[in-house]
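Here the structure comes first, spelled out in structure tokens, and everything after it is commentary.
Every heavy atom of this structure was used, including side-chain atoms; hydrogens, water molecules and symmetry mates were not.
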Amino acid sequence: MKHSVSAIYPGSFDPITRGHVDLVQRLSCFFNPLVLLVSTSASKKYLFSLEERLTLARACLKNIKAVKVVSYNGLTVEYAKRSNIKVIIRGVRAVSDFEYELTMAAANKQLFEECETFIAFTRPEYTHLSSQVVKEIASHGGDLSDWIPNPVALALKKKFLKKGNRQR
């Protein structure tokens with residue numbers, strides 16, 4: 001008998017990148033559903049609204065069957081507990097990511113004993129990639145075609161044209 005295990009892949013996804021999409025594609029083979037949890041934090045300043053981030057994530061992941069894109073305003077571990085999901089997936093690019101994720105995993109375990117954190121390593125071609133780097137390059141009109149899906153490229157172009165930034 002095949003068992004279905006659910007997992008959460010949380011993040012702000014401001015915006016979603018090819019690195020995120022790659023992890024979702026690889027993880028969706030093991031988890032059903034894989035919940036991409038688009039989160040908000042009062043301490044972060046976002047380029048895209050929550051609704052825009054949800055729309056972009058859904059557009060970029062529409063061809064991956066086992067994925068569900070949702071938002072939650074609160075602790076990921078609380079969403080996990082409320083949804084009876086016992087696996088949280090965290091993407092790691094570098095040692096600095098690992099140190100942060102280790103601390104978060106320990107806190108989550110204390111808040112929800114049954115919850116396990118799984119670490120998924122990015123492919124080498126995406127280790128330099130982050131939403132922050134994408135936004136910085138986009139603000140200066142740089143070429144991001146290898147780093148972001150087309151819906152994100154269009155949204156970034158529109159966003160920076162609206163802000164009056166000149167694209168080169």
Side-chain angles (χ1 to χ4, degrees), residues 1-41 44 46-94 97-98 100-102 104-109 111-135 144-156:
M1 177 183 226
K2 188 176 180 182
H3 294 283
S4 181
V5 176
S6 302
I8 300 168
Y9 176 32
S12 58
F13 305 104
D14 185 39
I16 191 167
T17 68
R18 287 192 193 274
H20 296 129
V21 173
D22 176 65
L23 271 181
V24 169
Q25 286 173 326
R26 292 188 290 135
L27 294 168
S28 66
C29 299
F30 302 100
F31 301 100
N32 188 4
L34 175 60
V35 177
L36 186 92
L37 186 66
V38 181
S39 59
T40 58
S41 171
K44 279 191 178 180
Y46 298 101
L47 177 63
F48 292 100
S49 70
L50 176 59
E51 205 50 51
E52 289 171 319
R53 289 182 284 137
L54 285 165
T55 299
L56 287 171
R58 288 179 180 133
C60 295
L61 302 173
K62 68 182 177 191
N63 295 325
I64 305 171
K65 290 184 181 172
V67 177
K68 180 178 163 186
V69 178
V70 301
S71 66
Y72 185 69
N73 186 12
L75 296 174
T76 298
V77 72
E78 289 300 324
Y79 178 87
K81 193 184 292 187
R82 194 186 91 216
S83 304
N84 197 32
I85 298 175
K86 297 175 183 166
V87 176
I88 297 174
I89 306 288
R90 298 300 298 176
V92 171
R93 295 169 301 196
D97 288 349
F98 179 81
Y100 172 79
E101 296 306 339
L102 181 63
M104 290 303 300
N108 287 340
K109 190 71 167 165
L111 294 169
F112 183 24
E113 176 64 32
E114 297 172 50
C115 186
E116 296 294 339
T117 300
F118 287 32
I119 299 295
F121 294 97
T122 60
R123 292 186 191 273
E125 61 265 33
Y126 298 127
T127 56
H128 64 285
L129 185 55
S130 71
S131 295
Q132 189 58 46
V133 168
V134 164
K135 289 183 282 195
L144 292 165
S145 54
D146 290 339
W147 297 357
I148 55 176
N150 289 336
V152 175
L154 294 171
L156 280 168

Sequence neighbours left out, cut at 3.5 Å: what donor-acceptor pairs do the side chains of residues 48-60 make with other protein atoms?
unit_1: Ser49; atom_1: OG; unit_2: Glu52; atom_2: N; d: 3.1
unit_1: Ser49; atom_1: OG; unit_2: Glu52; atom_2: OE1; d: 3.3
unit_1: Glu52; atom_1: OE1; unit_2: Ser49; atom_2: N; d: 2.7
unit_1: Glu52; atom_1: OE1; unit_2: Lys159; atom_2: NZ; d: 3.0
unit_1: Glu52; atom_1: OE2; unit_2: Lys159; atom_2: NZ; d: 3.1
unit_1: Arg53; atom_1: NE; unit_2: Phe48; atom_2: O; d: 3.2
unit_1: Arg53; atom_1: NH1; unit_2: Ser12; atom_2: O; d: 2.8
unit_1: Arg53; atom_1: NH1; unit_2: Ser39; atom_2: O; d: 2.8
unit_1: Thr55; atom_1: OG1; unit_2: Glu51; atom_2: O; d: 2.9
unit_1: Arg58; atom_1: NH2; unit_2: Val69; atom_2: O; d: 2.9

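- Tested against Glu101, the residues Asn108, Ile88, Ile119 include a single side-chain contact (heavy atoms from CB on, under 4.5 Å) partner, Ile119.
- At a threshold of 4.5 Å between non-hydrogen side-chain atoms, the residues Val24 and Ile16 do not count as touching.
- Proximity of a side-chain donor or acceptor of Tyr46 to a complementary backbone N or O of Ser41 within less than 3.5 Å is detected.
- Side-chain atoms of Val134 and Leu156, non-hydrogen and from C-beta on, do get closer than 4.5 Å to each other.
- Checked for salt-bridge contact, Asp14 and Lys135 meet the test: a charged N lies under 4.0 Å from a carboxylate O.
- Using a distance-only test at 3.5 Å, with no hydrogens or angles considered, a donor-acceptor pair links the side chain of Ser131 to the main chain of Pro15.
- From Leu37, atom CG reaches atom OH of Tyr72 across 9.0 Å, with rounding to the nearest 0.5 Å.
- The CG atom of Leu129 lies 9.0 Å from the CG atom of Leu144; values are rounded to the nearest 0.5 Å.
- The CZ atom of Phe118 lies 15.5 Å from the OH atom of Tyr9; values are rounded to the nearest 0.5 Å.
- To the nearest 0.5 Å, atoms CD1 (Ile85) and CZ (Phe31) are separated by 11.0 Å.
- Side-chain contact between Leu75 and Lys81 is absent, with no heavy atoms from C-beta onward closer than 4.5 Å.
- Between Lys86 and Phe112, the closest side-chain pair of non-hydrogen atoms falls below 4.5 Å.
- Asn32 and Ser4 share no side-chain donor-acceptor pair at under 3.5 Å.
- In terms of the side chain to side chain contact (heavy atoms under 4.5 Å, CB included) criterion, residue partners of Ala120 (sequence neighbours excluded) are, by chain and number, Leu23, Leu27, Ile89.
- Ile8 contributes atom CD1, which lies 10.0 Å from atom NZ of Lys68 (distance to the nearest 0.5 angstrom).
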Salt bridge (charged side-chain N to carboxylate O under 4.0 Å, His left out), that's the test. Do Arg26 and Asp22 meet it? Break it down for me. CA-CA 6 Å; Arg26 292 188 290 135; Asp22 176 65; 3.0 Å; yes
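- Put simply, OG1 on Thr122 and NE2 on His20 are 10.0 Å apart, with the number rounded to the nearest 0.5 Å.
- Side chains of Lys109 and Cys115 form no contact here, defined as non-hydrogen atoms less than 4.5 Å apart.
- Among all heavy-atom pairs drawn from Val67 and Ser28, the shortest one is CG2-CB, 4.2 Å.
- The main-chain N or O of Tyr126 is never found under 3.5 Å from a side-chain atom of Arg93 such that the two would form a donor-acceptor pair.
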